Amino acid sequence: MAHTLAAVASFSPSAVRRRLSSQVTNVISSRSSVSFHSQNMSFVSISSRPSQLRFKICCSATESAQAKKETVDKVCSIVKKQLAVPDGTPVTAESKFSELGADSLDTVEIVMGLEEEFNITVDETSAQDIATVQDAANLIEKLVTEKTA
């Protein structure tokens, strides 16, 4: 039997710990699973199996799906160009701008290049959350989808 606890979009970590603690007790005693869901946030699921004395916590970002490969490739190309990355230096979805030598001004220039290429507008708050190529690609797809909707 699975239990689901719905949560609001913003909640305190202590409230989550209290809910998690009480639900873990129920999970272990009933040998079932529990999932915590919230809008615009990741979810946590906990499960316990009768044959094991351990429980497992899994976290997954359900809010934003992974961007298409074409989008990631375009972002990689723009990042390489903006940062003048030497040929042969790999830039992948997991590449962090800071590890490629980008400072805050470089990051702003990258975001401006992305806005121009994809014909989108990235607000300052969203721009501050971009740390990797994958972050940028996911945000771009979200903004393009919102724009066409």
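Treat the numbers as computed from the prediction; the structure is a model and nothing was measured. The residues of the chain are indexed from 1 along the displayed sequence.
Here the closest heavy-atom approach between residue Ala127 and residue Val122 is recorded as N-CG1, 3.8 Å. Nearest heavy-atom pair, Asp123 versus Ser126, reported as atom, atom and distance to 0.1 Å: OD1-N, 2.7 Å. Taking all atoms of both residues into account, the shortest heavy-atom contact from Ile78 to Leu114 is CD1-CD2, 3.7 Å. Contact between Ser95 and Pro90 at its shortest, heavy atoms only, is OG-O, 4.1 Å. When all heavy atoms of Ala137 and Val72 are compared, the pair lying nearest together is CB-CG2, 3.7 Å.
You'll find the side chain of Asp135 stays beyond 4.5 Å of the side chain of Leu139, heavy atoms only.
In this structure, Glu124 places its CD atom where only 12 or fewer heavy-atom neighbours from other residues, nucleotides or ligands lie under 6.0 Å away.
Checking Glu94 against Thr92 by side-chain atom types alone, a donor-acceptor pair falls below 3.5 Å.
No donor-acceptor pair under 3.5 Å is formed between the side chain of Lys81 and the backbone N or O of Gly113. Proximity of a side-chain donor or acceptor of Glu109 to a complementary backbone N or O of Gln82 within less than 3.5 Å is not detected. The backbone N or O of Asp73 sits nowhere less than 3.5 Å from a side-chain atom of Ser77 that would complete a donor-acceptor pair.
Atom CG of Asp87 and atom OG1 of Thr89 lie 8.0 Å apart (nearest 0.5 Å).
For the pairing with Phe97, the side chain to side chain contact (heavy atoms under 4.5 Å, CB included) check across Ile130, Thr132, Val111 returns one residue only, Ile130. No option in Leu143, Val144, Asn138 other than Val144 meets the side chain to side chain contact (heavy atoms under 4.5 Å, CB included) test with Ile140.
Residues satisfying the salt bridge (Lys or Arg N to Asp or Glu O under 4.0 Å) test with Glu115, not counting sequence neighbours, are none.
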